[in-house]
Amino acid sequence: MPILTIESTCDETAAAVIDDDGAVLGDCIATQDELHERFRGVVPEIAARAHLERILPVIDTAMTKAGVAPKNLTAIAVADRPGLAGSLLVGVVAAKTLAVAWQKPLVAVNHLHAHLYACQMAEATPVYPCIGLVVSGGHTSLYRCESPLDLEYLGGTIDDAAGEAFDKVAAMLSLGFPGGPAVSKLAATGNRKAYAFPRSMLNEPHYNFSFSGLKTAVRYAIVGPGQQDFSKLNIDQKTKADVCASFEAAVIDTLVGKSIRATQEFCCDRLVVGGGVAANAYLRDQLGNAAQSCGVDVAIAPPEMCTDNAVMGAIALEKIKEGQYADLDLDITAGLQRGF
Ligand code: KG4
Ligand code: ZN
């Protein structure tokens, strides 16, 4: 019997109905890009209010597409961590309410673990054990994964996430929101060596990342120290493309270098990559090349499964197999601390 999964950790409201063999019976995603675009980033209060308006229609659409009645669900799963507090709260309250109304057990899903599980959903054979890299708008984390639910945190960003850096560079260059796809598109036409941007901590022995210095380096390359107003800049297309290409190369070199090193240190021949930035074409290329030369298999979900969705909430099926249900007093964990 199928489960209902709910995702509302950031600015996508999503629900899916997934059968116990992992088949997706119906799903629905409502994006909020148009609401946040003029602010060039996600505004938490606006995101929470938009989730509130959309959550029930989105769940209803997923259930209708699947042709599944509430009484035929086995459980209701919801991402309860990490994310924006107001956004998480809407999903968790909706899931708890439906669990009571429909008399169904509740399952709590870790959104970052689910991003990695998206790769399992796209593969015919098991991807675990593996080294897992999550690169999203809010997180950049490396894990050693024994199984979908047994993960050891190896390291992560000590300041900004990779996706946040993409979004802010896009804002500096007036490329719109979300910034990742726009930066990536322009980068493909630019010179990756035009600017010598820093590869922070790439050669240090730990698995932490830092992208805030890179953001500042890009800023100085564009406007010079001290200037604030990017809107008055008149940067030509070629310069924009070169900045994007050099910036993207710096981010991707760091992600590829550290994750390949983790596979070697832990003698693991599989690397799994999830999160919105995993949709990046240059990352996919570079990782593929580096992994091939080291004899490592790489599993990355299709781009639409990299960004936030509820299908990856199928990780709840693994929790159900282990009898890991949540109580009705389940609360959100926004998780500003590291180590998720
Ligand atoms: O996983 P996700 O949908 O949401 C979070 O959990 O944060 O990731 C969103 C992030 C945004 O920062 C967005 O700019 C970035 O993923 N992103 C990309 C690409 N597509 C989305 N970054 C680089 N290249 C892309 N093609
Ligand atoms: Zn995400």
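Ligands are counted one by one from 1 in listed order, and the atoms in each one are counted from 1 as well.
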Part of His115 within contact of ligand 1 (heavy atoms, under 4.0 Å):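 It is the side chain that touches ligand 1; the backbone stays farther off.
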
Heavy-atom pair with the smallest gap, counting every atom of Pro198 and Ala217: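 For Pro198 versus Ala217, the nearest heavy atoms are CD-CB, 3.7 Å.
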
Minimum-distance pair of heavy atoms, taken over all atoms of Asn208 and Lys258: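 Where Asn208 meets Lys258 most closely, the heavy atoms are O-NZ, 2.9 Å.
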
Name the closest protein heavy atom to [atom], giving the residue it belongs to and the distance to 0.1 Å.
atom: atom 14 (O) of ligand 1; value: Asp167 OD1, 2.7 Å
atom: atom 9 (C) of ligand 1; value: Gly137 N, 3.7 Å
atom: atom 22 (N) of ligand 1; value: Gly180 CA, 3.3 Å

Which ligand 1 atoms are under 4.0 Å away from a heavy-atom of [X]?
X: Thr307; value: 3 (O)
X: Gly138; value: 7 (O)
X: Gly163; value: 12 (O)

Near the Zn ion (ligand 2) (under 2.8 Å) - protein N, O or S atoms: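 Listed by chain and number: His111 NE2, His115 NE2, Asp308 OD1.
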
Parallel, tilted or perpendicular: rings of Phe211 and Phe209 (30°, 60°):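 Parallel, since the angle between the ring planes stays under 30°.
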
Test of proximity, Gly276 against ligand 1: N or O pairs below 3.5 Å: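 Yes, since at least one N or O of Gly276 sits under 3.5 Å from an N or O of ligand 1.
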
Under 3.5 Å: N/O of Glu12 near N/O of ligand 1: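 The answer is no, given that Glu12 and ligand 1 share no N or O pair closer than 3.5 Å.
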
Partner set under ring pair (Phe, Tyr, Trp, His ring centres under 6.0 Å) for Tyr117, not counting sequence neighbours: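 Expected list: none.
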
Side-chain donor-acceptor contact under 3.5 Å, Asp160 with Ser212: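 Looking only at side-chain atoms, Ser212 and Asp160 do not form any donor-acceptor pair under 3.5 Å.
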
Closest candidate by heavy atom, reference atom 2 (P) of ligand 1, pool Asn280, Ile252, Asp308: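 Checking each option, the heavy atom nearest atom 2 (P) of ligand 1 is found in Asp308.
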
Heavy-atom gap Glu248 to ligand 1 smaller than 4.0 Å: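 No.
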
Chi angles and distances behind the side chain to side chain contact (heavy atoms under 4.5 Å, CB included) call for Val78, Leu330: CA-CA 10 Å; Val78 62; Leu330 176 70; 4.1 Å; yes

Distance under 6.0 Å and angle within 45° of ring axis: Arg144 vs Tyr207: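 So Arg144 doesn't make the cation-pi contact.
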
Ring centres under 6.0 angstrom apart (Phe247, Tyr195):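 Ring-ring flag for Phe247/Tyr195: false, centres at least 6.0 Å apart.
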
Arg49 and Glu53 ion-paired at < 4.0 Å: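 Salt bridge flag = no for Glu53 with Arg49.
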
Min side-chain heavy-atom separation Tyr128-Gln120 under 4.5 Å: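 They are in side-chain contact.
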
Derivation of the side-chain hydrogen bond (donor to acceptor under 3.5 Å, both in side chains) call for Thr239 and Asp236: CA-CA 6 Å; Thr239 306; Asp236 63 75; 3.0 Å; yes

